[in-house]
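Heads up: the structure comes next, in structure tokens.
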Amino acid sequence: MKEQFTPKIVGFLCNWCSYAGADLAGAAKLKIMPSLTVIRVMCSSRIDPNLVLTTLLLGADGILIAGCHPGDCHYEKGNYYARRRFALLKKVIKTLKIDPERLQLSWVSASEGKRYAEVVNQFTEKIKKLGPNPIQTKPYL
Amino acid sequence: MSDKIGVYVCECGPNIADKVDIKKILAEISALNEPPEKIIIAKKHKLLCSKEGQDFLADEITKNELTHLVIAACSPRDHDITFMNVCKKTDLNPYLYKLVNIREHCAWIIPDKDEATEKAIQYIRAGISRVTYQAPLTEKELDSIPDVLVIGAGIAGIEASLSLAGENRKVYLVEKTSSIGGKVTRFEKILPHQGTNLDIIQEKIQAVQENENIKVFTETEVEKAIGFFGNFEIILKNIHNEEQKNDFKVGAVVVATGFDLTDPEKIPRYGYGKIEDIYTSMEIEESNSKTGKILLKSGKPPKSAALIHCVGREEKGYCSRVCCNYMFKIAQYLKEKIPAIKITEFYQDLCLPNKADQEFFIDTKNKGVDFIRFKDIAVRQKDKEKFIEYTKMDGKKEKISAEMIILAPAIEPAEGSKDIAELLNISLDETGFFQEAHQKLNPVATSIDGVYIIGSAQNPKDISDSIIDAQAVGGKILTQLIPGVKLVPEVTVSEISDAFCTGCQTCLSVCSYGAIYFDEDRNISIVNEAICRGCGNCVASCPSGAAHAKHFTSAQIYQEVLEAIR
Ligand SMILES: Cc1cc2nc3c(=O)[nH]c(=O)nc-3n(C[C@H](O)[C@H](O)[C@H](O)COP(=O)(O)OP(=O)(O)OC[C@H]3O[C@@H](n4cnc5c(N)ncnc54)[C@H](O)[C@@H]3O)c2cc1C
Ligand code: SF4
Ligand code: SF4
Ligand code: SF4
Ligand code: FES
């Protein structure tokens, strides 16, 4: 039997909405696939393009950026900046010969525990289908 | 110096203990011990957040002379502060500790115990890597000034000043016109109870004038306001004499600049400004309160009047909320003064939001006022006679004539709101009113700490709603800006290293709080730590890697990333 592929996924969650949503998913004891590792940041706008690209080049199979719904960012407009950077990143990633589907941006509010579980599980399934990240160079750090 | 890292796994009663193999975790984490550079002490505890657990931790930190602390337990949203406070009781800087969430993000969501254990180990390893990259940070204390600047002396500004001024707190009340009181002083009566005359307003105005803790500046505008919650520097200027300035410091700023009526001349179909005897509601209020009469230009009382609501509502894209009610009031003025007058009110929708409004409407109707709901409306003149031509809801076109026409123009933000917004670094929303921090949950606050918006500057409002705002802002300021209490600004803020900054000012443009300023002389941008909230947006925007988010540096985040993809 072929060895099952366990993807390595990094989840950048904003503290105020998405991380709280993830906590709620936990409190509700929802079943969530273990491939994603949560990294807490204060706002989705903290995620700089460099961080995303380096993480992919380091070999992450997928990156999820999750923030508050548009209009709900704890810092007013942070998620709008995150959205713009995300749109640009999708294009840049393509030029690196990495499937842009490996990067996802989702809005998850503090009350959307169920949605958080769905987002993570669906994204994990998607990455499983895509298989391992072809780029496994270990660049500078 | 070697790192001595204490790792404490919490059982959280059965919450964590039953779901992961803590023994295995401790064994694997202990194996990371690499003396003498990296000494790791790994232990478990039943309930770390309990008093007993906290004492245990404090004791461990001191006894083992820990340089770093990692706690594997619940969400930082639950107990980060608890454990930071434990650190504060010891010699360990609270920013050299990291809480790893193995409860919500492992134990509770991964049913397979082996998988959950593996995941917990991964998270704890990431925590250990990260914590050694963390830097000690010190909380600073700032003196705060309890005094408050209120801009605009309408009913909202007056009420706010009265609720704020006190023994230890001065209020500076700034008004651009020559007298205080705002629009309400121009009315004869206040709805809905026609019995309420202006005495109650006059009493408040007098109370402001007699209050020695309120300093009123009329014919004055704010020229400058810079600073942050607890410490704003203010400069006022006299409108007629630019040289006459006042400067002082306050801790908070309340914007109560009120509203203006939209100019009906801009909407030609109402004939305002071209056809005789068409007035705005405010003109009627003013002449009525001055002369006690409502007369045609000819000096005669009108035999008929048409009151048109919702003037400019479609153009503005919002309902002005107060017009329906005051138009009933105007109809009642007319009926009292000219009992034989025929009155027709034209409306698009009726807005009766308060509990007494429905009764007031019915009362007005019962006094013989006709109400017609229209789809379209226009005013035309033919041989000195004025006609209101309208399309009813069923599509039928009809017209009636009236000697006097009174318009209820949309309430719009006061002239100059844009300048005030720029001055204070707050925003206007798409309607032009000041933008609140949250429409539902935080309506008197703005995006800037210590700057508040109240009354009809925020949204069309009647007097009682303006007073509610003023009292709300009183509550906010009185509880947050306490005389003698120091302010502790956010510690995990951004900083810009001058060696790397190219002065491109991208960071300035993305910061929602105006926390970054540009130093022209040195051609670099600088973060004002007292204003920065630590979102990290500037960090992500900086093309030269000059901006860093303290406690969320790239190096720290990469440590977590590396463990996540090992
Ligand atoms: C015709 C009419 C009738 C009404 N009748 C009633 C009624 O019967 N009952 C009721 O509850 N409501 C009524 N309203 C609504 C009522 O007028 C408002 O609720 C009330 O005036 C709001 O108070 P405010 O303090 O927010 O604004 P305002 O009354 O507009 O006061 C704002 C003040 O700020 C000053 N200002 C503006 N910009 C600056 C600046 N840049 N610097 C310094 N000062 C500045 C202005 O000069 C003014 O004095 C009526 C409104 C209209 C138009
Ligand atoms: S510290 Fe957190 S994990 Fe530990 S007992 Fe308290 S709530 Fe549970
Ligand atoms: S974006 Fe970076 S380089 Fe540009 S001014 Fe800001 S800190 Fe300096
Ligand atoms: S971290 Fe956020 S609040 Fe602070 S300066 Fe940067 S963008 Fe502004
Ligand atoms: S705080 Fe959640 S996206 Fe900004």
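Reminder, nothing fancy here: chain letters follow the sequence lines and each chain counts from 1. The figures that follow rest on heavy atoms only: side chains count, while hydrogens, waters and symmetry mates do not.
- Inspection of non-hydrogen atoms places no residue of residues 102-117 of chain A under 4.5 Å from chain B.
- Between A:S45 and B:A540 the shortest heavy-atom distance is O-CB, 3.1 Å.
- Heavy atoms of B:S541 lying under 4.5 Å from chain A belong to its backbone as well as its side chain.
- Shown here is B:Q505, whose CD atom has more than 12 heavy atoms of other residues, nucleotides or ligands within 6.0 Å.
- For the set A:V10, A:D23, A:D48, the count of heavy-atom pairs under 4.5 angstrom toward chain B peaks at A:D23.
- Within residues 24-42 of chain A, the residues having any heavy atom closer than 4.5 Å to a heavy atom of chain B are A:A25, A:G26, A:A27, A:K29, A:L30, A:K31, A:I32, A:P34, A:S35, A:L36, A:T37, A:V38, A:I39, A:R40, A:V41, A:M42, listed by residue number.
- Across all their heavy atoms, B:Y558 and A:T55 have their closest contact at CE2-OG1, 4.4 Å.
- With a 4.5 Å cut-off on non-hydrogen atoms, B:N442 does not touch chain A at all.
- Here the closest heavy-atom approach between residue B:N537 and residue A:R85 is recorded as OD1-NH2, 2.7 Å.
- Listed in order of number, the residues of residues 64-76 of chain A that approach chain B to under 4.5 Å between heavy atoms are A:D72, A:H74, A:Y75, A:E76.
- Contacts between B:R103 and chain A at a heavy-atom distance below 4.5 Å are absent for every atom of the residue.
- Neither the backbone nor the side chain of B:E563 comes within contact range of chain A; no heavy atom of the residue lies under 4.5 Å from a heavy atom of that chain.
- Contact of A:Y80 with chain B is not made at all, since no heavy-atom distance falls under 4.5 Å.
- Across B:R566 and A:K8, no two heavy atoms sit closer than the pair O-CE, 3.3 Å.
- B:K418 NZ: 12 or fewer foreign heavy atoms inside a 6.0 Å radius.
- The shortest non-hydrogen separation linking A:Y81 to B:S509 is OH-O, 3.5 Å.
- Minimum interatomic distance between B:A549 and A:R46 (heavy atoms only, all atoms of both residues): CB-NE, 3.8 Å.
- Counting heavy atoms from C-beta outward, B:E560 and A:F12 have side chains that stay 4.5 Å or more apart.
- When the side-chain contact (heavy atoms from CB on, under 4.5 Å) test is applied to A:A82, the partners found at least two apart in sequence or on another chain are A:S44.
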